[in-house]
Protein chains: 2
Amino acid sequence: MGNKISDERKKEIIDGFYHLSKQNGIENTSIAKIGKHLGMPPSLVMHYFPSREILISNLISFILERMLLIYQPMLAELEEQNYADPHTFVDRLFSRDWNLLLDDGVFYSCYSLIFRNKRIKNEYRALHEKLRENLKEILDRDENLEDKDTELLAEQIFVVVEGAYYYLSMFDDPEVYEQKVAIFKDQVYELLRKNEVLSS
Amino acid sequence: MGNKISDERKKEIIDGFYHLSKQNGIENTSIAKIGKHLGMPPSLVMHYFPSREILISNLISFILERMLLIYQPMLAELEEQNYADPHTFVDRLFSRDWNLLLDDGVFYSCYSLIFRNKRIKNEYRALHEKLRENLKEILDRDENLEDKDTELLAEQIFVVVEGAYYYLSMFDDPEVYEQKVAIFKDQVYELLRKNEVLSS
DNA sequence: CGATATATTGAACGTTCATTCAATATTATA
DNA sequence: TATAATATTGAATGAACGTTCAATATATCG
């Protein structure tokens, strides 16, 4: 259905935008630089994304899609086996695989735009609500959590995860980093434990 | 001791930079615009802040100082009475007074710079560690928490607060906002309760 | 007061920016 | 193959950018 060349070019341009933003920041990545990076004139970039604003808007969609991708394997498992271990999910949330798929610098740069752009804010909120719904589904399938307020629990777990990511980004020393990750992971485990029916 | 005019001008310029960044974002606030806003030529701005980088660096110091200011009244109380109620402190952490003193958009914009600038990262980390130390002092003075790992507890409390701020920024509806604040506040209370010696 | 330092001005620099446009090449369609 | 649609080029635009500089005003101080 959709135009092939057009779609590929668009993807290529957003990829390039993301790549350069990772290195130099969004604010230092111009249309001209994207063009040069991809070996095309800036006018071609603008042919596909008629303004810088639209370009940024598409970068954000790209980033949010990537973020969902991180959860894909876990959700596939849930679909297949009709069950996924919440603890494994939490482990994955705290794993650094994350960073391979999504640059935190670009992510938070885009995040900071929510304060001046309502559409971006809505997109970000929708993503975060989706993440919570995913977790809720996993929790709902766990018999240890039967009849518990899994929506609340998902909310509480994610707020720890998100706070942890925010805070941990300030630490480079792997040892300190891992030690702190362990603390926050425990904090989430504790939330689960508190809700679980004793079964052993 | 220090030069009066110079200091006042510097303060004035950073104030203006902050003001305009709040409206249009840091990335859209140029030296020329700051000058125009304050009725001075851009060359005067650069006389006090020889490069844009230095200007941004000073804006960040300004922001981090403001953030510490928010805790001032609480810490003054601690100093005076050698005690401050942790629950009151938590309430204050979640109060929206915050937003009056510090714009979240500017704050997170600057935060996103930590990923490409080590000095900024260190400044941010130092601030966050200071915040935790402040809370630890409060917790240490509370007899219900005697002999507890208050450092750990402070870390766990702040990670919820920071995650909450990150997440709550996506919600405009005051009703939804307040409902979620209540959840996260409870989550922190629960952390305190878990550690408190039963005394009633 | 005279000298020295600081504050302030305004013009100018070259560069980069986002964006436009008309011309040309390529591809799809009839 | 003729025609229409799309892709691509390259040159050009004016505006805004950060930064420099020499000149002038004002304050400081011996």
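Worth knowing before you read on, the calculation uses all heavy atoms, side chains too, and leaves out hydrogens, waters and symmetry mates. Chain naming here is simple, since letters A, B, ... match the order of the sequence lines and numbering starts at 1 in each.
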Exercise. Is the backbone of E155(A) close enough, under 3.5 Å, to the side chain of K180(B) for a donor and an acceptor to pair up by distance?
Worked result: no
Exercise. Is it true that atom CD of Q23(A) has more than 12 heavy atoms of other residues, nucleotides or ligands lying nearer than 6.0 Å?
Worked result: yes
How many Å lie between [atom1] on [X] and [atom2] on [N], as a whole number?
| X | N | atom1 | atom2 | value |
| --- | --- | --- | --- | --- |
| H47(B) | dA7(C) | NE2 | P | 6 Å |
| F49(B) | dT20(D) | CZ | P | 16 Å |
| E27(A) | dC17(C) | CD | P | 12 Å |
| I34(B) | dA16(D) | CD1 | C1' | 14 Å |
| L38(B) | dT8(C) | CG | C1' | 14 Å |
| R52(B) | dT15(C) | CZ | C1' | 16 Å |
| E8(B) | dT8(C) | CD | P | 10 Å |
| M40(B) | dG10(C) | CE | C1' | 15 Å |

[X] side-chain proximity, nearest of [options]:
| X | options | answer |
| --- | --- | --- |
| S6(B) | dT19(D), dT9(C), dA7(C) | dA7(C) |
| S51(B) | dC17(C), dA18(C), dT19(D) | dT19(D) |
| I31(B) | dA18(C), dC17(D), dT19(D) | dT19(D) |
| S30(B) | dA7(D), dT19(C), dC17(D) | dC17(D) |
| L44(A) | dT20(D), dT9(D), dT19(C) | dT9(D) |

Exercise. For K36(B), which contact category applies under a 4.0 Å heavy-atom criterion: base, sugar-phosphate, or nothing?
Worked result: nothing
For [N], take OP1 and OP2 only and decide whether either is under 4.0 Å from a side-chain N or O of [X].
| X | N | value |
| --- | --- | --- |
| R9(A) | dT8(D) | yes |
| K4(A) | dT6(D) | no |
| Y48(B) | dT8(C) | yes |
| S43(B) | dG10(C) | no |

Exercise. Between Y189(A) and D91(A), is any side-chain donor less than 3.5 angstrom from a side-chain acceptor?
Worked result: yes
For this session: Would you sort out whether N122(B) and R125(B) count as a side chain to side chain donor-acceptor pair (under 3.5 Å), showing the intermediate values?
Result: CA-CA 5 Å; N122(B) 289 340; R125(B) 183 178 57 246; 2.7 Å; yes
Seminar exercise, completed: Result for ring pair (Phe, Tyr, Trp, His ring centres under 6.0 Å) between Y108(B) and one of Y108(A), F115(A), Y124(A) points to F115(A)
Exercise. Given that P42(B) and N28(A) both sit by DNA chain C, which one's nearest nucleotide is further toward the 5' end?
Worked result: P42(B)
